[in-house]
Chemist: 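Before we start, here is the structure in question, set down as C-alpha cells.
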Amino acid sequence: MTTDPGLHTGSHDLPVSPALDAFMGTGWAPTPIPADQRVAAHHVTPARRARLAAAFPGERLLVPAGQLKVRSNDCDYRFRPHSAYAHLTGLTGEDQAGHVLVLEPDGEAVLYARPRSPRGGADPRHAEFYRDRRYGEFWVGRRPELAETEQLSGIRTVHLDGLAGLLARTGQPTRLLAGVDPQLDAALGRPGGPEDAALAAALSELRLVKDPWEVRQLQLSVDHTTAGFEDVVRALPTALRHGRGERWLEGTFNLRARAEGNGTGFETIVASGAHACVLHWTRNDGPLEGGRLLLLDAGVETDTLYTADITRTLPLGGTFSPVQRDVYQLVLAAQEAAIATLKPGACFRDFHRAAMRVIAEGLAEWGVLRVSAEEALREDSGLYRRYTLCSSGHMLGLDLHDCAKARAGTYLDGVLEEGMVLTVEPGLYLQPDDETLPVELRGIGVRIEDDLVITADGARLMSGALPRTIPDIEEWMGTLMS
Ligand code: GLY
Ligand code: MN
C-alpha cells in the first residue's frame, strides 16, 4: 500500500520545464485550517469505535474508505467513502479516497491517510499539487495535513505509506471489511471468509439503532427532501411541456439535493404513468401526461451522508381520477395499518405483514384476486404479490438500505428498538400488460413511502410535512402550482 509515486497526468497535458517546476515550488503562503475545526460527528465516533473494538478483542480491524473508481478514461466517479468508514471516523469528504481506519488489537484507532500535496523541497511527490489530476491540490482541492486530519477527526493519523509495513507484519489476527478497497483486498489475499463476514455484520449492526445526533441528521435530510418535492411540484407546469418531463423533474430534485447536501442518497426515481410499475425506474426519459400519476421516489443525502427516502404518488393534473383514487386509497390504508404496528418489541416483519393483509383484502374485494385474501396470504401461495412485489420497508441511515449486512436475527427476523429509523413503503404496481387486471387498472403504479423513527412507545413520522391523504395532496399541489 503506497501512494502512487507516478503522477496522474493527461495525454493532453503540456510538458513542464525544470524552470517552471522550480518556480512552482516556492512562494506559497501557509493556509492552515482553523484550530477549532472538527468533523460534525467527532463527539459520537469514539463510542462507536469502542463498541466495535470490544466485539473483537485482541484483533486488528481494517475499515477502508474505498478507492477512486474510473468512470471513463481519465475521469473518476465522484467519491463517497464507505458508510462504515464514515460512521467510525466522521470523515465524509471526497478527499478520503484510499484512506484506511485501523483498530489495533488494544482498541487504539489509527487512520492511514494521504497527506496534503507537498509543495517544493525534496519530496518526490512535490509536483503532485499542480500536475496530478487525481490527487493534486490544484486539480481536486486541498487535503488536510496529517496533523489536521488528526485534529478534525480526533483519530491518530499517520501516512498511508505506512500501511504496507503494518500489513507485512504477520501473526496478528486481522479482519478486513472486504470488497471495498480492491488494493487492500489484493494485499490481504481476500475475498474475505467468515471472519471478514462477521466484521461486516458487526459494522451493520452497530448502525441499527441511531443515536440522537443521527436522528437529527436524518431529520435534516427529510426536511431537505421535503423542499425538493415542493420544487418538483412547482416545476410541473414546465415539465409537462418538456418532451422528457421526467428528466426535467429529476434535475429539479437533484438541484435541491446538491445545493443543500452532498447530493441524492440514491438515483432519483421519476416515473410517470406506467413507468411507476417499474419499481426502480431511474431511466427517467419519459414525457409527462396530464391525466396520469407521477411517482417520485427520492432522498437528499446530507453532507454527513445520511439519506432520506420518500415516495409520493401525485396526479399530474392536480386531481386524482376515480380509479386512481381507489388504488391510492388502498395503498394508503396499507401504509397506515403498517405504521400502526411500529413500536419497540414489535417484529420487523410485522409492519410488512399488516400492509400486505390490507393489500390482499383489497385486491380480493376488487375481484382481482380469484382466491380469498386468506388463501393468497398463505406462505405457500402469496399470489397477491404479483401486484405488489417488493417488501414494505427497510432500515434507513448512512445507506439507503441501511445495515444491509446485519444478521437476520437482528434485522429481518429481529424486533424493533427505540432509535431505529426505517421506511414504510407499500405499493401497488398494476402492470400495463397484465391480462389478469381490468383494463382501467392497467398501468397504474402507486407507492407511498415515509420515514419513521421508533420511539419509546411507538413511532414518529419524520416525513409528515409532505401530505399523504388525497385531499391534502390536491390542496398542496394547487397551492404550489398557483
Ligand atoms: N426508494 C428506493 C428503495 O427503497 O429502494
Ligand atoms: Mn425505500
Side-chain angles (χ1 to χ4, degrees), residues 80 83 204 207-208 210 214-215 217-219 221-226 228-229 232 246 249-250 252-254 256-257 261-272 275-284 293-302 305-314 331-332 334-336 338-339 341-342 348-356 359 385 388-406 411-412 416 420-429 445-454 459-464 466 468:
R80 179 198 189 276
S83 295
S204 265
R207 306 201 326 250
L208 278 167
K210 273 61 181 178
E214 290 184 289
V215 175
Q217 294 304 304
L218 282 159
Q219 187 63 60
S221 65
V222 165
D223 294 346
H224 291 321
T225 302
T226 300
F229 275 61
V232 164
E246 291 180 347
L249 298 180
E250 174 190 324
T252 302
F253 183 84
N254 292 9
R256 175 66 66 173
N262 188 50
T264 57
F266 53 96
E267 291 296 323
T268 299
I269 296 168
V270 187
S272 71
H275 288 164
C277 302
V278 180
L279 295 168
H280 289 167
W281 175 258
T282 55
R283 294 182 196 169
N284 300 348
L293 294 175
L294 174 79
L295 186 154
L296 174 65
D297 181 343
V300 173
E301 181 179 81
T302 59
L305 306 186
Y306 288 83
T307 190
D309 179 15
I310 303 176
T311 306
R312 287 291 179 267
T313 307
L314 309 171
V331 176
L332 183 60
Q335 198 205 28
E336 284 179 346
I339 288 174
T341 70
L342 299 177
F348 176 82
R349 289 182 192 242
D350 284 352
F351 72 90
H352 175 66
R353 280 196 204 101
M356 291 305 104
I359 294 276
R385 295 182 62 192
T388 180
L389 279 176
C390 78
S391 62
S392 304
H394 51 85
M395 297 294 175
L396 187 67
L398 283 165
D399 285 330
L400 164 68
H401 301 146
D402 208 34
C403 314
K405 297 277 167 57
Y411 184 176
L412 190 60
L416 299 178
M420 288 179 169
V421 175
L422 44 77
T423 70
V424 177
E425 51 173 312
L428 270 173
Y429 311 99
V446 172
R447 176 161 64 249
I448 310 171
E449 177 173 29
D450 282 276
D451 304 340
L452 297 108
V453 56
I454 304 298
R460 178 170 70 78
L461 184 62
M462 302 176 78
S463 44
L466 282 173
R468 285 187 301 142

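Every number for a ligand or one of its atoms is a count from 1 in the order of the listing. Heads up: numbering here begins at 1 and tracks the sequence.
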Chemist: Enumerate the atoms of ligand 1 whose separation from the nearest heavy atom of Glu449 is less than 4.0 angstrom.
Modeler: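 That gives atoms 1 (N) of ligand 1.
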Chemist: Considering only non-hydrogen protein atoms, determine which one is nearest to atom 2 (C) of ligand 1 and report residue, atom name and distance to 0.1 Å.
Modeler: Asp297 OD2, 3.4 Å
Chemist: With heavy atoms of His394 as the reference, note each atom of ligand 1 found under 4.0 Å away.
Modeler: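 That gives atoms 4 (O) of ligand 1.
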Chemist: Distance check, rounded to the nearest 0.5 Å: Asp450 atom CG versus Ser463 atom OG?
Modeler: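 Output value for this atom pair is 3.5 Å.
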Chemist: When you check the side-chain N and O atoms of Glu301 and Tyr306, is any donor under 3.5 Å from an acceptor?
Modeler: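 Short answer, no.
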Chemist: Tell me if a side-chain donor or acceptor on Gln335 pairs with a main-chain N or O of Ala355 at a distance below 3.5 Å.
Modeler: no
Chemist: I want to know if ligand 1 touches Thr311 in the polar sense, i.e. an N/O pair below 3.5 angstrom.
Modeler: no
Chemist: Using a 4.0 Å cut-off to any heavy atom of His280, which atoms of ligand 1 qualify?
Modeler: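 So the answer, numbered in order with elements, is 2 (C), 3 (C), 5 (O).
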Chemist: Over 60° means perpendicular and under 30° means parallel, so classify the ring planes of Phe348 and Tyr411, tilted if in between.
Modeler: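 Correct class here is perpendicular.
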Chemist: For Asp309, is there any backbone N or O sitting under 3.5 Å from a side-chain donor or acceptor partner on Asp451?
Modeler: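 Judged by distance alone, yes, a pair lies under 3.5 Å.
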Chemist: Report the residues that fulfil side-chain hydrogen bond (donor to acceptor under 3.5 Å, both in side chains) with Arg283, sequence neighbours left out, ordered by chain and then residue number.
Modeler: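 Scan of Arg283 (side-chain hydrogen bond (donor to acceptor under 3.5 Å, both in side chains), adjacent residues dropped) gives none.
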Chemist: Are Asp399 and Ser83 linked by a side-chain donor-acceptor pair shorter than 3.5 Å?
Modeler: yes
Chemist: Report the residue from Ile448, Leu461, Leu342 that forms a side chain to side chain contact (heavy atoms under 4.5 Å, CB included) with Val424.
Modeler: Leu342
Chemist: Sorted by chain and residue number, which protein N/O/S atoms are under 2.8 Å from the Mn ion (ligand 2)?
Modeler: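 The answer, once waters are left aside, is Asp309 OD2, His394 NE2, Glu425 OE2, Glu449 OE2.
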Chemist: What closest approach, in Å, do Arg312 and Leu466 show between heavy atoms, and which atom pair accounts for it?
Modeler: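 Heavy atoms only, the tightest pair is NH2-O, 3.0 Å.
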Chemist: Tell me the protein heavy atom at minimum distance from atom 3 (C) of ligand 1, and give that distance in Å.
Modeler: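 Here the nearest protein heavy atom works out to His401 NE2, 3.2 Å.
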